[in-house]
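It should be emphasised that the depicted structure is a prediction, and the values quoted were computed from it without experimental measurement.
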Amino acid sequence: MTGSSRPAEIVVRPARVADAEAVARIRIASWRGAYRGIVPDAVLDGLDLAAETATWRDRLHDQAVVKVSVADLVEPPASPRLVGYVTEGPARGDDVDGLGEIWAVYVDPEAQRRGVGRALMEAAVRGLAVRGFAEAVLWVFEANATARGFYEHLGWAPDGAAKAFEIGGAAPIEVRYRRRLG
C-alpha cells in the first residue's frame, strides 16, 4: 500500500500498440528473473529492448488470432503503471486441435506476489471461454518450480506432454499443463 488509504487496484485491459515498450521491458525483466539457470545467460543478457519493442509493436498491431491483455497497477496517488501481460489464442500443435492456449504470462518482478498474475490468468481464461474454447493448455519450463506451483494453484495440471525448447545452444524441457475453462 502507498501513502494513500486506498489499496492498489489491478486493471486488466486489451493491449494497445502504445504498450509495446512497456510489454518488452516486462518480458526482458521477467525472463532474466525467472529463467536464469534454465535459459543460457548469453541469451538472457543479450535481450535487447529496441528489438523486443519492435517485435511487440508488430504483435500488438495485429491481434486477430492471438489476443494480448495487460495489467495496470493503480496505486493512488501515482499514475497507473503497466506491470504485466498475458497472451491467449488457439493451441499450437496437432494433438490439441480445438483447444485454447495461454501462450505467455509475465509480470514485472517488482510487482509480483500482488495478484497481478492471477488477474491476468483469470482474464485469459475468460477470454478463451468467450471465444468458444472449453479447455486450454500452456507450456512451462519443467525446472521453473515457481511458475509450476502458480499454475497448479490456479487449477492447471500437467497432462504428460513434454518437449525440448531449443534456445541458445541449450534445450530445457517444457511440460504442458491443461485445464477445463468452465
Does [Y] offer a backbone N or O that forms a donor-acceptor pair with the side chain of [X] under 3.5 Å?
X: Glu88; Y: Val66; answer: no
X: Gln63; Y: Ala15; answer: yes
X: Thr87; Y: Ala104; answer: yes
X: Arg176; Y: Leu138; answer: no
X: Arg32; Y: Leu47; answer: yes
X: Thr53; Y: Ala24; answer: no
X: Asp19; Y: Arg16; answer: yes

Please round to the nearest 0.5 Å and tell me the distance separating atom [atom1] of [X] and atom [atom2] of [Y].
X: Leu99; Y: Asp159; atom1: CG; atom2: CG; result: 9.0 Å
X: Glu101; Y: Arg92; atom1: CD; atom2: CZ; result: 4.0 Å
X: Lys67; Y: Arg131; atom1: NZ; atom2: CZ; result: 5.5 Å
X: Tyr177; Y: Arg148; atom1: OH; atom2: CZ; result: 3.5 Å
X: Arg126; Y: Ser69; atom1: CZ; atom2: OG; result: 9.0 Å

Does the side chain to side chain contact (heavy atoms under 4.5 Å, CB included) test come out yes or no for Val86 and Glu122, once each step is laid out? CA-CA 10 Å; Val86 64; Glu122 289 171 355; over 6 Å; no

Between [X] and [Y], is there a shared hydrophobic cluster once you connect ILVMFWY residues whose side-chain heavy atoms come closer than 4.5 Å?
X: Val116; Y: Val70; answer: no
X: Val140; Y: Trp103; answer: no
X: Leu49; Y: Leu82; answer: yes
X: Val74; Y: Val23; answer: no
X: Val137; Y: Leu120; answer: no

Minimum heavy-atom separation for [X] and [Y], please, with both atom names.
X: Gly100; Y: Ala91; value: O-CB, 3.6 Å
X: Ile173; Y: Ala164; value: CD1-CA, 4.0 Å
X: Ser30; Y: Val107; value: OG-O, 3.0 Å
X: Val39; Y: Leu44; value: O-CD1, 3.8 Å
X: Leu181; Y: Ala129; value: CD1-N, 4.0 Å
X: Leu128; Y: Gly89; value: CD2-O, 3.6 Å

Any idea how Tyr85 and Tyr106 line up, ring-wise: parallel (<30°), tilted (30 to 60°), or perpendicular (>60°)?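 Ring orientation of Tyr85 relative to Tyr106: tilted.
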
Ring-plane angle category for Tyr35 and Phe141, please: parallel below 30°, perpendicular beyond 60°, tilted otherwise.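 Tyr35 and Phe141: perpendicular rings.
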
Counting heavy atoms not belonging to Glu110, are there more than 12 under 6.0 Å from its CD? no

More than 12 heavy atoms from other groups under 6.0 Å of CG on Asp95: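 Check passes, neighbour count above 12.
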
Does Arg178 count as lying over the ring of Trp156, i.e. NZ or CZ under 6.0 Å from the six-ring centre, within 45 degrees of the axis? no

Compare all side-chain heavy atoms of [X] with those of [Y] and state whether any distance is below 4.5 angstrom.
X: Arg179; Y: Val125; value: yes
X: Glu152; Y: Leu154; value: no
X: Pro14; Y: Val68; value: no

Residues Lys163, Trp139; criterion side chain to side chain contact (heavy atoms under 4.5 Å, CB included); working and verdict: CA-CA 9 Å; Lys163 65 180 179 180; Trp139 290 92; 3.7 Å; yes

Looking at Arg25, Arg59, Arg27, Arg57, which one forms a salt bridge (charged side-chain N to carboxylate O under 4.0 Å, His left out) with Glu52? Arg27

Check this for me, if you would: do Arg13 and Asp72 make a salt bridge, where the nitrogen-to-carboxylate-oxygen distance has to be below 4.0 angstrom?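 Salt bridge present between Arg13 and Asp72.
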
